[in-house]
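Reviewing the structure listed below.
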Amino acid sequence: MAEQGSSIDYDFQAHERPLFEAWKEAGYFQRTPGTPEQKDHPYTIVIPPPNITGVLHMGHALNDTIQDACIRRARMQGRPTRWVLGTDHAGIATQTKVDKKLADQGISRLDIGREAFVEACYEWYREYGATIVNQISGMGCSCDYANEHFTLEPAYVRAVRQLFTDWYHNDLVYRGKRIVNWCPHCTTAIADDEAEYVDEAGHLWHLRYPLTEPVDGLEYLVVATTRPETMLGDTGVAVNPKDERFAHLVGKTVRLPLVDREIPIFADWHVDTEFGTGCVKVTPSHDPNDWAMGEAAGLPRINIFDETAHVVEGFGRFSGMDRDEAREAVVVAFDELGLLEKVEEHAHSVMTCYRCHTKLEPWESEQWFVRVDGLKADAARVVEDGSIQFHPARWKQVYLDWLGNLKDWCISRQLWWGHRIPMYYCDSCGWEDASVEDVEVCPACGGSVRQDNDVLDTWFSSQMWPYATMGWAEEGNDAPEIRACYPTQVLSTARDIMGLWVARMVMSSMYCTGQIPFEHVIIHPTVMGADGKPMSKSRGNGVDPLVLMENYGADGMRFGLLLQVTGAQDLRFDENKLVSSRNFANKIRNAARFVSMNLEGYTPGEPMAATPADRWIFSRVAGLVKAVDEAFDAFEFGEVTRLLYGFFWNEFCDWYIEFSKARLSGSPEDRLACQRNLMFVLDQSLRLLHPIMPFVTEEIYQELPFERDSQLLIGAAWPKAEALAKYADAQAERAIQMVCDVVSAIRSTRSRYGISPKEPLAVVVKAGADDAELLQAQRALIEGMANTASLSIAPDADKPAQASVALVPGLEVYVQLTGLVDFDAERARLRKEQAKLAKDAEKFRKKLSNPGFLAKAAQEIVEKDTAKLAELEEALAKVEAQLAELG
RNA sequence: GGUCGAUUGGCGCAGCGGGAGCGCAACUGCCUUACAAGCAGUGGGUCGGGGGUUCAAAUCCCUCAUCGACCACCA
């Protein structure tokens, strides 16, 4: 290989970029044709479209690695694959960014008007929309870059209008006056599940509300509130119907201070008798609970705030104040009137805008809603019956619970950037309708019409992502790609948008296509900082994937991330794993270099199981492929990476390559067999590793003379477990296991006595007849790996004088150490071993003398444990004999 | 308040009914020409506490504790 693999300043990008271009040129990113046998099993993934405001973060890095691993394996399995790429216009997020950008130039969106602002947003999209896509390509993701989508592209807009119009005509969307979460900064409604709760150390103010007529000498009621300013809009006071303290007051009225309004005292079950004073001031226009109580009690609604949360006209000196000023003024006024009973500290949580973190105001306004009752049954059914499967499976319940609690969805946003609601109104005759096409004149009276000013919640368009990117807008369910490749196979995402996005995709897909949108939902762990807390700028525990790729290569980052994927909900980011992974990539590079340096005289051909070592490694490969397939099919990515790492490093490199060194300078026939076998195992390994480490594996594939079924590894066939099953060989595994054990025992002895590996040692191995025969055949391996001066293996071997003894299962290894043995150290070591063996043997003896165990345990377990005990007792006897000999 | 997770060697995590594993860190010795981003070797845990089921529990059940996520409520 050309590169010096050990270079500390390895330039990953320089190696990765050309490979990416080669894949792209070769057309692997578009839907691949698939092999004949797999042609009917297309494999499609739609990428969760990143926001155009974003740069690649750790969540994307992990998520996109998972998807690429899936799609690359499927591609290698010969399935027609496509990974649909695109970005999301991200309504409120982008509008906020563009607002800020304009503000920095001293421009207000209100000055330039809607059209110019939307144009500024598109400009933003053109400028920033590409950056994250570039970053995804830098990770090596094999998305369909030639068919990139955008949630505001013309066809997508049409799809969204189609769905809104259908739902409107089927009474699944409606307009209503409701209390919604309003962001006074963004001046828009926010969906319930977009709100973020933040804990706040607030106060509980106890206010006296004078009774209109004193009752039994009682002059006033005390209400407790965290939001005294809203008292301006109070239209009632509620008590619990079972609360005897106030039962006699129900039906009476209080005279609301400051605004001098007479309001009723009524009973409602919402009221908690334990909390505060048991009396609740009711402000239907500014609290969702109060709204519900007001509805039930028929209370009037008084809206005291404008859209920026300033007190509206009609409230005297309070008018024009913002909510914080109003709060202070109201409290002062109560105090001055002697109506402020007390103020308590009170921790509570407040809803904030997930974009700008301004406190949200429950505010009454006219909005559009989706009637979810008609949609959620199908969405629940397809998960209940297993048509859609979650991984890990426990997320199924989370999904179903979310659906179960679902309330009507507020979809209108008072923004400019987004899908404008396709509702048209005629002010002259009152006609109104939803329409896919623009409407210019009123079909009823011929007058002019206007379109609704609001845009749709971003999730309204995101929910259509799987099919709106496949031609649904143009041809509906007859679109060729939908007919051939829908539903998709895998959706991989983070748990926090399970309801927001995943459930809604299912609902809308069931409605629009009559099909599920995907078969498998992978909920990957959330990437937390090294401190276990969510990554954030303020906490300073964030990590930038772009920097990680520079330091560890895309392969190192990908492998290192997948190593950390388990069934847990979080993943505490451990950069050490990336170090290991980068080192692993280097190990692969070096192993390949070793093979390539020893290819002189190599001719291609089938692998040749010439020796037990060959049969052993083939048997291990067969087992590996099976295990990797199982882990992949279960989406257990941590397991996949661990299997590959362990096999390649600890079996292939540590043993097989070492075994092969002597053989490569042996007979020409065996040298050739060894070369072919090295190439075979390396080839299989590269294929298995490619979905996770696409770059190193492809690079090596290009540099070595593999017998290729595809010019590029990206298109090579995935190893087939069934075809490899013929290599399973228990006897070879046993033989090589013994070789490894004996070699390790000798090395251990060396190390213990500080004997250099260069010093040849005389070794005697005592083994049972069968094992002795197996080992005898492999003596060359032991001699080569352990540097023996002499090696004798026999069932009746005698222990040489002055030798150290090492026990390995079934064998005794004597290393002759004339003049070197420290008998005290040897005794100490043997005593320690004796104690351990005695303890273990005792455990098994106890187990095997338990009648219950013998009667009830599976026969094979009893047999296994019996053999184990015999082995332990034998070893113990040997150790004790050694000790006796040492005196 | 409800639901779901987590608790295993110094750190990060696997294992999830039959003798406690991995990576990193630590310690010892090696520049053995594939690899010092490496090689060889060593030490280190009664699997959060308590109870139960079972012949057998890190693994299943109950309970407590601590940490965390989500949902609901917070006048």
Side-chain angles (χ1 to χ4, degrees), chain A residues 1 4-8 10 193 197 202 204 223-227 230 237-238 270-272 275-283 287 289-290 293 346-350 392 394-395 397-398 401-402 404-405 495-496 498-499 526 528 530 532-533 552 556 563-564 566-577 579-598 638-639 642 645-646 650 653-654 657-658 661 743-744 747-752 754-758 787 840 843-844 847 850-858 860-862 864-865 868-869 872:
Chain A
M1 316 240 327
Q4 173 63 273
S6 63
S7 166
I8 295 289
Y10 191 83
D193 30 38
Y197 285 85
L204 198 55
V223 299
T225 180
T226 56
R227 302 208 49 201
T230 61
V237 172
H270 278 95
V271 180
D272 179 355
F275 190 88
T277 61
C279 297
V280 181
K281 61 185 274 308
V282 178
T283 324
D287 182 279
N289 261 334
D290 293 7
M293 291 194 275
H346 179 65
H348 61 138
S349 55
V350 294
R394 76 188 126 86
W395 293 105
Q397 201 50 50
V398 177
D401 288 348
W402 188 88
N405 293 327
R495 57 186 153 82
D496 56 341
M498 164 81 81
T526 302
M528 299 295 188
K533 299 279 192 311
Y552 306 104
L563 263 176
Q564 301 177 66
T566 65
Q569 64 183 3
D570 295 335
L571 164 176
R572 183 180 300 213
F573 180 72
D574 182 1
E575 194 157 337
N576 274 327
K577 290 286 195 300
V579 175
S580 306
S581 302
R582 178 252 267 139
N583 296 354
F584 182 46
N586 192 228
K587 188 77 178 176
I588 298 168
R589 223 173 267 122
N590 279 306
R593 185 149 68 133
F594 172 81
V595 174
S596 85
M597 282 169 69
N598 286 287
E639 182 66 9
R642 260 174 263 121
Y645 186 100
N650 303 125
C653 290
D654 288 351
I657 286 185
E658 293 304 324
K661 284 179 179 172
V743 169
S744 293
R747 284 173 175 169
S748 177
T749 304
R750 245 184 222 293
S751 178
R752 193 163 351 107
I755 303 165
S756 159
K758 287 178 184 141
N787 189 20
D840 285 356
K843 203 151 90 186
F844 279 87
K847 192 172 178 184
N850 180 343
F853 174 70
L854 297 171
K856 298 193 180 177
E860 63 201 62
I861 299 291
V862 175
K864 198 181 124 212
D865 286 356
K868 192 70 213 177
L869 176 61
L872 287 167

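Heavy-atom basis, side chains included; hydrogens, waters and symmetry copies ignored. Every chain is numbered from 1 and lettered A, B, ... according to where its sequence line falls, protein lines coming before strand lines.
Taking only side-chain nitrogens and oxygens, A/K533 never comes nearer than 4.0 Å to OP1 or OP2 of B/C67. Checking the phosphate oxygens (OP1, OP2) of B/G29, no side-chain nitrogen or oxygen of A/S756 falls inside 4.0 Å. In this structure, A/R572 reaches the B/G12 phosphate: one of its side-chain N or O atoms is under 4.0 Å from OP1 or OP2. Proximity of A/S748 to the phosphate of B/U42: a side-chain N or O atom is located under 4.0 Å from OP1 or OP2. For A/N590 and B/G38, the shortest distance from a side-chain N or O to OP1 or OP2 is not below 4.0 Å.
A distance of about 28 Å separates the P atoms of B/A58 and B/G68, rounded to the whole Å. Nucleotides B/A36 and B/C24, compared at atom P, are 16 Å apart to the nearest Å. Comparing the P positions of B/C61 and B/C16 gives a spacing of 15 Å, expressed to the nearest Å. One P atom belongs to B/G45, the other to B/G38, and the distance between them is 27 Å to the nearest Å.
Each of B/C39, B/A37, B/C35 was ranked by its minimum atom distance to the side chain of A/R582; first place goes to B/A37. For A/S744, counting side-chain heavy atoms from C-beta on, the closest listed nucleotide (B/C35, B/G41, B/G23) is B/G41. Distance from the side chain of A/S751 is smallest to B/G41 among B/U3, B/G23, B/G41.
A/R642 places its CZ atom 5 Å from the C1' atom of B/A14, with the value rounded to the nearest Å. The distance from atom CZ of A/R495 to atom P of B/A6 is 13 Å, rounded to the nearest whole Å.
Among the atoms of the strands shown, only primed sugar atoms or phosphate atoms (P, OP1, OP2) are found under 4.0 Å from some heavy atom of A/N405. Counting non-hydrogen atoms under 4.0 angstrom, A/D290 reaches nothing in the nucleic acid. Using a 4.0 Å heavy-atom cutoff across all strands shown, A/K577 reaches at least one base atom of the nucleic acid. Heavy atoms of A/T283 sit nowhere under 4.0 angstrom from any nucleic acid atom. At a threshold of 4.0 angstrom between heavy atoms, the contacts of A/R752 with the nucleic acid are absent. Across all strands shown, A/C653 has heavy atoms under 4.0 Å from base atoms, whether or not it also approaches the sugar-phosphate. Across all strands, A/V579 comes closer than 4.0 Å to no nucleic acid atom at all (heavy-atom distances). The residue A/F844 sits close to a base: some heavy atom pair falls under 4.0 Å. Heavy atoms of A/I657 sit under 4.0 angstrom from at least one base atom. As judged by a 4.0 angstrom heavy-atom cut-off over every strand, A/L571 is placed among residues making no nucleic acid contact. At a threshold of 4.0 angstrom between heavy atoms, the contacts of A/A858 include nucleobase atoms, whether or not backbone atoms are also involved.
Judged by a 6.0 Å distance limit and a 45° cone about the ring axis, A/R589 is positioned over the six-membered ring of A/Y10.
Side-chain atoms of A/E658 come within donor-acceptor range of the base of B/A34, with a qualifying N/O pair under 3.5 Å.
Pair assignment for B/U32: none, as no Watson-Crick or G-U wobble contacts are both less than 3.5 Å. Pair check for B/A6 finds B/U66; Watson-Crick or G-U wobble, both atom distances under 3.5 Å.
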